[in-house]
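To keep things clear, I will list the structure first and then write my remarks on it.
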Amino acid sequence: MDWKDTLNLPKTSFPMKANLVEREPSFLEFWEKEKIYEKMLEKRANAPLYILHDGPPYANGHIHLGTALNKILKDIIVKSKSMAGYKVPYIPGWDCHGLPIELKTEQELGVKRGELPPLVIREACRKYAQRFINIQKEEFKRLGVFAKWNEPYLTMNFEYEASIAREFLRFLETDQIYQRKKPVFWCPNCVTALAEAEVEYAPHKSPSIYVKFPFTEKLKIFIEEKTNIKIDKPGYVLIWTTTPWTLPANLALAMNPEFDYLLVEWDGEYYIVAEGRVSALCAEMNRDLPKILAKIDPKELEGKKAKHPFYDRESLIILGDFVTLDTGTGIVHIAPGHGEEDYHIGLKYGLEIYVPVDQEGRFYEDVPLIGGLNIFKANKVILDILKEKGHLLYQDTIEHSYPHCWRCKKPVIFRAEDQWFISMEAKDLRKKALKSLDQVKFIPSWGRNRIYSMLENRPDWCISRQRVWGVPITVFKCAKCGEILKDYKYYQKIIEIFEKEGCDPWFVKSAEELLPEGTTCPKCGNTTFEKEKDILDVWFDSGVSFAAVLEKRSELSFPADLYLEGSDQHRGWFHSSLLCSVGTRGVPPYKAILTHGFVVDGQGRKMSKSLGNVIHPQDLIKQYGAEIIRLWVSAEDYKDDIKISKEILKRLVEAYRKIRNTFRFLMGNLYDFDPKKNLIPFEKLPEFEQYILYRLSKVIEKVKKAYEEFDFHIVYHEIHRFCVVELSSLIIDINRDYLYCEAPDSFKRRATQTVFYYALDSLVKLMAPILSFTAEDIWQNLPYEKEEISVFLTDFPSYKFELSADKVKNWEKILEIREEILRALEIARKDYKIINTFLEAEVFVKAPEELKGYLENSAFWEYFIMVAKFSLIDEIIETGENEIVCDSEEIKGLKIKIKPTEYKKCERCWQRKPEVGKLENPELCQRCYEVIKNR
RNA sequence: GGGCCUAUAGCUCAGCUUAGGUUAGAGCGCACGCCUGAUAAGCGUGAGGUCGGAGGUUCGAAUCCUCCUAGGCCCA
């Protein structure tokens with residue numbers, strides 16, 4: 001007879017092979033068709049809200065691993081918070097305006113800036129953004145992410161655009177907005193500002209000149225006093241520049257406070273230059289080394305002045321870290337209206353942002369000596385003037401990399417233009433923002449420091465962009481007196497227009513058409529107005545999302561419980577959102593900030609095309625399925641950089657299989673188990689089963705806490721470990737005999753199934769936020785009645801299986817002893833080959849007094865370590881034949897003897913038992929005999 | 001160059017901050033063996049780190065301090 005047919009072998013429809021790549025779409029379909037996410041929200045209609053506010057990705061290009069990581073983390077939170085009892089409405093968003101899209105659009109249309117009317121560009125940009133929103137939306141969905149995909153927030157939606165303008169006006173109304181000049185790349189040929197991305201660097205020939213700034217009388221006296229040297233000949237501060245035309249705008253001379261400077265004598269003239277440049281200068285100018293007269297501390301020169309080389313004014317000596325010894329003289333000529341660093345240091349020293357150059361690159365008529373001249377032509381004139389004044393020490397030409405306009409290919413200049421700023425100080429925005437951070441929880445905690453120091457040091461926020469794809473800076477100015485209209489009433493009309501038609505009208509209608517009828521200037525009574533041309537920085541767009549989304553949608557609330565983005569957003573969205581919210585509401589828009597690191601390769605290097613180490617989520621989905629990406633996200637500690645490599649993926653796939661197979665076994669052995677009828681109460685279970693359930697409830701506790709603290713890698717490790725240890729290698733292996741061989745409805749079998757049931761029921765729920773596809777797959781294949789149609793509609797398990805501390809200790813000891821015996825058995829099997837399987841072994845144990853209590857129950861140990869015979873004996877007698885004896889290394893005094901059994905094998909359960917051969921059916925053991933008889 | 005962060009076995013993580021103290025843990029992988037009634041599965045045993053490097057504090061440090069190196073993010 002083939003006894004196999006009499007066994008209760010596992011039965012399940014749940015396939016061993018996941019086939020994730022092919023099968024995942026069917027689960028996506030199921031979730032969508034059954035509206036599972038909507039049902040999750042409905043089910044928790046009255047539950048406390050948990051608001052995870054989505055930081056909008058830029059609607060440009062496909063998603064990459066970084067965006068995938070971010071959305072999956074958010075999804076894990078949405079699902080886990082929901083299953084922990086919250087209502088979690090998650091509205092995905094997209095950032096739609098801005099230069100990159102505008103540039104891409106121009107590229108696709110084959111045009112350059114200004115060649116098409118604003119509305120044509122705007123329409124094309126809108127289409128472009130929408131295209132990528134659709135693409136990304138599908139890509140996010142494919143990852144198994146739950147969200148209100150049909151009602152996302154888009155920063156280009158009309159209502160959103162109106163919100164942006166409204167928030168800007170709040171700042172304007174409260175006097176936190178001002179206008180000031182700031183240098184930008186400027187193309188005098190195209191008469192337009194350029195963004196950094198619109199600038200191409202190309203070789204360019206420039207004059208290279210060394211210019212002498214004469215000492216003022218005061219400076220001369222100061223130096224004489226300091227050095228005890230009589231300055232009886234002309235003395236100069238020497239600078240180097242490649243843009244002579246910026247000299248008319250010179251207001252200062254910058255020295256590095258860390259460098260040493262020298263007073264030197266060259267051909268009967270005195271100069272101040274950096275010590276570290278002297279020899280290089282000589283080489284360049286073909287001069288002998290100068291006579292070094294004295295060392296000068298630049299810090300002492302701060303605030304002193306030199307004379308302008310050709311104007312009757314003075315130039316302030318200031319200190320700046322940015323001055324280097326790479327080129328020049330170690331002293332930099334500063335024109336705050338014509339350079340980025342010049343501008344910043346100019347602000348610091350309170351210098352005027354002076355721009356003597358008009359939009360077409362000509363000096364204004366009233367500029368002495370060169371008025372009306374084109375700047376590049378003025379270069380030569382300025383050289384002549386310098387020569388004539390004797391203030392040109394040396395002249396040459398150099399070829400260097402210089403910015404050019406990508407449109408006309410002509411060299412561009414740096415030129416300050418009027419820009420709009422949000423003031424950090426006017427209404428104490430900086431102070432308030434810093435203080436508000438105390439109300440925010442940062443995960444990890446160092447995030448606070450990071451945003452704090454950025455906030456502490458940041459300049460006023462320049463919100464102007466000279467572009468068209470965005471929301472206009474809605475400011476009207478009196479055409480006559482220049483008064484800025486600040487009151488909201490002047491903008492009521494335009495906000496209404498934005499809400500209905502978006503911002504387009506601003507670009508085509510006149511100020512008078514956009515203002516309420518009959519508007520007059522409150523200052524001068526004039527009736528004509530100008531409207532601002534600049535648009536808002538896109539960081540302002542996304543920065544006000546709390547107002548446009550959280551406050552606007554009734555299902556949401558402000559402030560959000562959580563913002564979750566990459567650590568770069570400390571300067572980005574976290575930062576801009578904070579300023580927007582504190583500036584208008586006085587509080588941060590979030591209660592907590594969670595940040596993750598960046599995706600790097602196996603060596604910890606960033607992914608880049610040039611390194612060739614880029615991994616695309618699309619490829620991973622094709623090869624492994626989205627589930628493995630989700631598992632990867634959970635397995636790695638995202639607070640640090642997140643590594644990914646072939647090996648990591650291989651490990652994850654293996655771990656995935658182990659988890660899946662463990663579940664498959666649990667399910668396969670519950671085919672005839674009805675929890676309503678067959679569940680055995682915890683108190684009645686055998687102690688081993690109780691112990692496993694106790695371990696299970698520890699895992700439940702730990703995993704739930706890990707979700708609460710966003711430690712998802714702990715979730716993964718715990719679940720995986722539990723599958724491997726407590727389930728696979730302990731109860732599954734040990735109790736398999738009960739499952740297969742005992743009568744179907746026997747206590748032992750039902751007890752084991754009870755443990756399986758609890759493990760399956762809790763783990764499938766606990767893993768669902770991470771292994772969403774697989775959890776749903778398992779849920780749909782549950783062998784018993786489901787409580788809900790989807791696992792996501794259930795709650796996290798709340799089972800508590802308590803065990804007294806004594807019992808826990810007892811079990812830990814038993815497991816320790818078990819390991820010792822297994823070690824001995826392994827020696828018998830592997831080294832001495834006296835047995836093939838442990839089932840064939842007889843085990844004799846001699847134990848120290850304190851351990852005897854654990855070892856007295858032979859029947860238990862025979863079952864627990866699955867051997868033919870077990871006995872605790874007082875003395876181990878070595879016969880030396882076909883046996884091994886070994887001393888435990890770990891437990892002192894424990895001695896173990898192993899020998900093969902003489903018992904015959906029961907053909908049904910394969911256990912060796914003394915009664916086999918002696919019963920009515922000689923092939924069976926007592927237990928199997930009875931099971932068969934009573935079938 | 002500045003700010004913040006990270007660095008524990010081949011891989012992913014514990015331990016380190018809320019107390020610094022016996023031979024640094026887990027799982028995977030690997031090697032070897034067993035099983036063939038979870039089978040492109042399962043079980044067992046074993047070998048692998050001196051905790052990025054160098055100093056220092058301490059009776060004693062992976063754990064505290066300093067510096068260095070490598071890497072990441074953000075600036076300049």
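Just so it is clear, the values below take in all heavy atoms, side chains as well, and ignore hydrogens, waters and symmetry mates. Below, chains carry the letters A, B, ... as their sequence lines are ordered, and counting in each starts from 1.
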Practice prompt. For A:Ile732, answer base if it contacts any base atom (sugar-phosphate contacts may also be present), sugar-phosphate if it contacts only those atoms, and nothing otherwise; contact means non-hydrogen atoms under 4.0 Å.
Written response: base
Would a distance-only check, ignoring hydrogens and angles, find a side-chain to backbone donor-acceptor pair under 3.5 Å from A:Tyr716 to A:Ile770? no
Practice item. Please work out if A:Glu456 contacts a base, only the sugar-phosphate, or nothing of the nucleic acid, heavy-atom cut-off 4.0 Å. Key: nothing
Are any of A:Lys643's side-chain N or O atoms less than 4.0 Å away from OP1 or OP2 of B:G72?
no
Exercise for the section: Report yes if at least one side-chain N or O of A:Thr837 is closer than 4.0 Å to OP1 or OP2 of B:C43; otherwise report no. Expected result: no
Between CG of A:Leu666 and P of B:G42 the distance, given in whole Å, is 13 Å
Sugar-phosphate only, base, or nothing, as touched by A:Gly604 at under 4.0 Å among non-hydrogen atoms:
sugar-phosphate
In whole angstroms, the gap separating P of B:A40 from CZ of A:Arg660 amounts to 14 Å
A:Ile731 CD1 to B:G42 P, in whole Å, measures 18 Å
Which of A:Arg450, A:Arg458, A:Gln569 passes side chain to side chain donor-acceptor pair (under 3.5 Å) with A:His575? Answer is A:Arg458
Looking only at B:G42, B:G72, B:G29, the nucleotide nearest the A:Asp733 side chain is B:G42
Given the options A:Val845, A:Val843, A:Val867, A:Ile817, A:Trp861 meets side-chain contact (heavy atoms from CB on, under 4.5 Å) only with A:Ile817
Closest of B:G44, B:C11, B:A76 to the A:Glu341 side chain is B:A76
Quick note, A:Phe598 side chain, CB onward, closest among B:G27, B:A38, B:C73 is B:C73
*Counting any heavy atom closer than 4.0 Å, what does A:Arg605 reach on the DNA or RNA strands: base, sugar-phosphate only, or nothing?*
sugar-phosphate
Worksheet item: Does A:Arg736 make a side-chain N or O approach to OP1 or OP2 of B:A38 shorter than 4.0 Å?
Response: yes
(request) Pick base, sugar-phosphate or nothing for A:Lys658, based on heavy-atom distances below 4.0 Å to the nucleic acid. (result) sugar-phosphate
Sugar-phosphate, base or nothing in reach of A:Arg458, heavy atoms under 4.0 Å: nothing
Problem set entry | Donor on one side chain, acceptor on other, A:Trp910 and A:Asp737, under 3.5 Å | no
**Prompt:** If you look at every strand shown and take non-hydrogen atoms under 4.0 Å, does A:Ala655 touch a base, only sugar-phosphate, or nothing?
**Reply:** nothing
A:Arg823 vs B:G46: side-chain N/O to OP1/OP2 distance below 4.0 Å: yes
Regarding the side chain of A:Ser567, the nearest nucleotide among B:C73, B:G37, B:G72 is B:C73
*Identify whether any heavy atom of A:Asn661 sits under 4.0 Å from a base atom; if not, whether one sits that close to sugar-phosphate; answer base, sugar-phosphate or nothing.*
base
A:Ile648 atom CD1 is separated from B:G27 atom P, nearest whole Å, by 20 Å
Between CD1 of A:Ile835 and P of B:G44 the distance, given in whole Å, is 15 Å
Closest to the side chain of A:Leu7, out of B:G37, B:C34, B:G10, is B:G37
task: Assign A:Glu636 to base, sugar-phosphate, or nothing according to its heavy-atom contacts below 4.0 angstrom with the strands shown.
output: sugar-phosphate
For this session: Please state whether the phosphate of B:C73, meaning OP1 or OP2, lies under 4.0 angstrom from any side-chain nitrogen or oxygen of A:Lys606.
Result: yes
Considering only heavy side-chain atoms of A:Phe665, the closest of B:C34, B:C73, B:A38 is B:A38
Picking from B:G37, B:G27, B:C4, the nucleotide nearest the side-chain atoms of A:Arg450 would be B:C4
Winner on side-chain proximity to A:Arg571, out of B:C75, B:A26, B:U6, is B:C75
*asked:* Taking B:U50 as the reference, what is the distance to B:A61 when you measure between their C1' atoms (whole Å, please)?
replied: 12 Å
Testing B:A38, B:U45, B:G44 for proximity to the side chain of A:Pro10, the answer is B:A38
Cut-off 3.5 Å, side chains only: do A:Glu689 and A:Asn735 have a donor facing an acceptor?
-> yes
Here the distance between atom C1' of B:C28 and atom CZ of A:Phe722, to the nearest Å, is 18 Å
Query raised in the report: Is A:Glu701 salt-bridged to A:Lys705, cutoff N-O under 4.0 Å?
Result: no
Any sub-3.5 Å donor-acceptor pair from A:Arg818's side-chain atoms to A:Ile865's backbone N or O? no
Check your understanding: Is there a donor on the side chain of A:Arg657 or the base of B:A41 sitting less than 3.5 Å from an acceptor on the other?
Key -> no
Is there, by distance only and without an angle test, a donor paired with an acceptor across the side chain of A:Trp910 and the base of B:G37 below 3.5 Å?
yes
The nucleotide from B:C11, B:G71, B:G44 with an atom nearest the side chain of A:Glu647 is B:C11
- For B:C5, does OP1 or OP2 lie under 4.0 Å from any side-chain N or O of A:His570? no
query = So what does A:Met866 hit on the nucleic acid, given a heavy-atom distance under 4.0 Å: a base, only sugar-phosphate, or nothing?
reply = nothing
| request: Classify the side chain of A:Ser728 and the base of B:A38 as holding, or not holding, a donor-acceptor pair under 3.5 Å. | output: yes
To the nearest angstrom, the CZ-C1' distance between A:Arg721 and B:G29 comes to 18 Å
Mate of B:G10 across any strand shown (Watson-Crick or G-U wobble, both atom pairs under 3.5 Å) is B:C28
Q. Does A:Tyr740 have a side-chain nitrogen or oxygen under 4.0 Å from the phosphate oxygens OP1 or OP2 of B:A38?
A. yes
Query raised in the report: With distance as the sole test, does A:Arg749 use its side chain to make a donor-acceptor pair with the main-chain N or O of A:Glu742 at under 3.5 Å?
Result: no
